[in-house]
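Everything below concerns the one structure shown next.
Please read these numbers as outputs of a predicted model, since none were measured by experiment. Both counts, for ligands and for their atoms, begin at 1 and track the order of listing. Side-chain atoms are counted along with the backbone in the values below, which use heavy atoms only and exclude waters and symmetry mates.
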Amino acid sequence: PEKCVVAVDGPSGSGKSTVSRRLAAAIDGVYLDTGAMYRAVTWAVLQGGADLGDPDAIAKIALETELSIGTDPSAPHFAANGTNVDAAIRGTEVTQAVSAVAAVPAVRKHLVALQQAIIAGQPRIIVEGRDIASVVAPSADLKVYLTASSAARAQRRSAEDAGSDVAATEASLLRRDKLDSSRAADPLKQASDAIEVDTSDIGIDEVVAYLLNLLNSKV
Ligand code: C5P
């Protein structure tokens with residue numbers, strides 16, 4: 001396609017990142033990882049020593065954080081306030097705190113505006129997150145909702161992190177799912193016009209091929 005916006009939503013470990021990056025590369029487009037934006041802001045909030053129970057303190061730091069957002073599907077580098085955070089945003093500290101930061105309405109408002117500005121400047125973009133189809137890009141050309149059983153998601157995540165424990169990973173995923181689905185501001189939920197793909201038992205190659213076909217038939 002010459003122009004397209006694709007929204008890829010779903011819970012942690014459903015294969016969103018791999019599928020989105022592969023799709024972006026296949027259409028010579030860019031890739032926006034909105035979860036990494038929430039993670040980078042969370043890193044800054046933790047650096048700033050804000051109390052995670054204090055939404056005003058969180059919002060203040062979030063709005064002051066200068067983000068550098070990489071959109072290259074083969075190497076999407078992120079920096080916050082001039083520091084590269086690619087490794088830090090995947091660490092346990094950030095992973096445990098990110099849902100609390102992402103639940104603050106002022107943080108979401110700020111990041112959604114940044115996301116929409118990035119999308120507006122790109123001819124072809126794959127955007128992954130939790131609220132892309134419903135809030136960030138409601139007029140996306142294709143809306144995908146990726147799911148998988150929590151066991152399959154935990155398997156995938158712990159295979160990515162060498163040495164991590166599958167049971168602990170599954171517990172951590174389920175905890176974040178619960179927080180992300182139950183928050184008041186833009187909770188994780190499937191948009192009514194999104195196509196659901198369960199990736200528990202099918203390979204990533206198949207998912208990518210299926211979505212590419214779908215996209216080519218639409219735009
Ligand atoms: O996708 P990832 O696991 O990196 O997202 C990290 C966290 O960021 C999620 O658990 C969720 O709390 C938040 N998030 C969000 N809205 C998005 C993307 C991520 O609230 N669009």
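In terms of N/O distances under 3.5 Å, ligand 1 is approached by R39. Close N/O approach between R157 and ligand 1 is not found [any backbone or side-chain N/O within under 3.5 Å].
Residue A102 has at least one heavy-atom neighbour below 4.0 Å for each of these atoms of ligand 1: 12 (O), 13 (C), 20 (O).
The same ILVMFWY cluster, assembled from side-chain heavy atoms under 4.5 Å apart, contains both V135 and V127. In the hydrophobic clustering of this structure, V5 does not group with L146; members are Ile, Leu, Val, Met, Phe, Trp, Tyr whose side-chain heavy atoms approach within less than 4.5 Å, directly or through other members.
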(request) Please assess D28 against R124 for the test side-chain contact (heavy atoms from CB on, under 4.5 Å), listing each intermediate value before the final yes or no. (result) CA-CA 7 Å; D28 192 23; R124 290 176 302 283; 4.0 Å; yes
(request) Let me see the working for T199 and R156 under side-chain contact (heavy atoms from CB on, under 4.5 Å), right down to the final yes or no. (result) CA-CA 11 Å; T199 65; R156 252 184 226 137; 3.2 Å; yes
(message) What verdict does the salt bridge (charged side-chain N to carboxylate O under 4.0 Å, His left out) test give for R108 and D131, after you've listed the backbone C-alpha separation in whole Å, the side-chain angles of each residue and the deciding distance to 0.1 Å?
(response) CA-CA 10 Å; R108 304 201 68 81; D131 61 342; 2.9 Å; yes
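Using a 4.0 Å cut-off between heavy atoms, R175 makes no contact with ligand 1 at all. By the criterion of a heavy-atom distance under 4.0 Å, the side chain of R108, and not its backbone, is placed next to ligand 1.
Scanning all protein heavy atoms for the shortest distance to atom 14 (N) of ligand 1 gives Y38 CD1, 3.7 Å. Summary of contacts: the protein heavy atom closest to atom 21 (N) of ligand 1 is D131 OD1, 2.8 Å. Nearest to atom 18 (C) of ligand 1 among the protein's heavy atoms is T34 OG1, 3.3 Å. Closest to atom 10 (O) of ligand 1, if we only count protein heavy atoms, is D180 OD2, 2.7 Å. Ranking the protein heavy atoms by distance from atom 3 (O) of ligand 1 puts R176 NH1, 2.9 Å first. Nearest protein heavy-atom neighbour of atom 19 (C) of ligand 1: G35 CA, 3.5 Å.
Note that OG1 of T42 is 10.5 Å distant from CD1 of I61, once rounded to the nearest 0.5 Å.
Comparing R130, E128, R183 against atom 1 (O) of ligand 1, the shortest heavy-atom distance belongs to R130.
Here D177 does not pair with K189 in a salt bridge; the nearest charged N to carboxylate O distance is not below 4.0 Å.
Between L23 and the choices T18, I126, L142, the side chain to side chain contact (heavy atoms under 4.5 Å, CB included) rule is met once, by I126.
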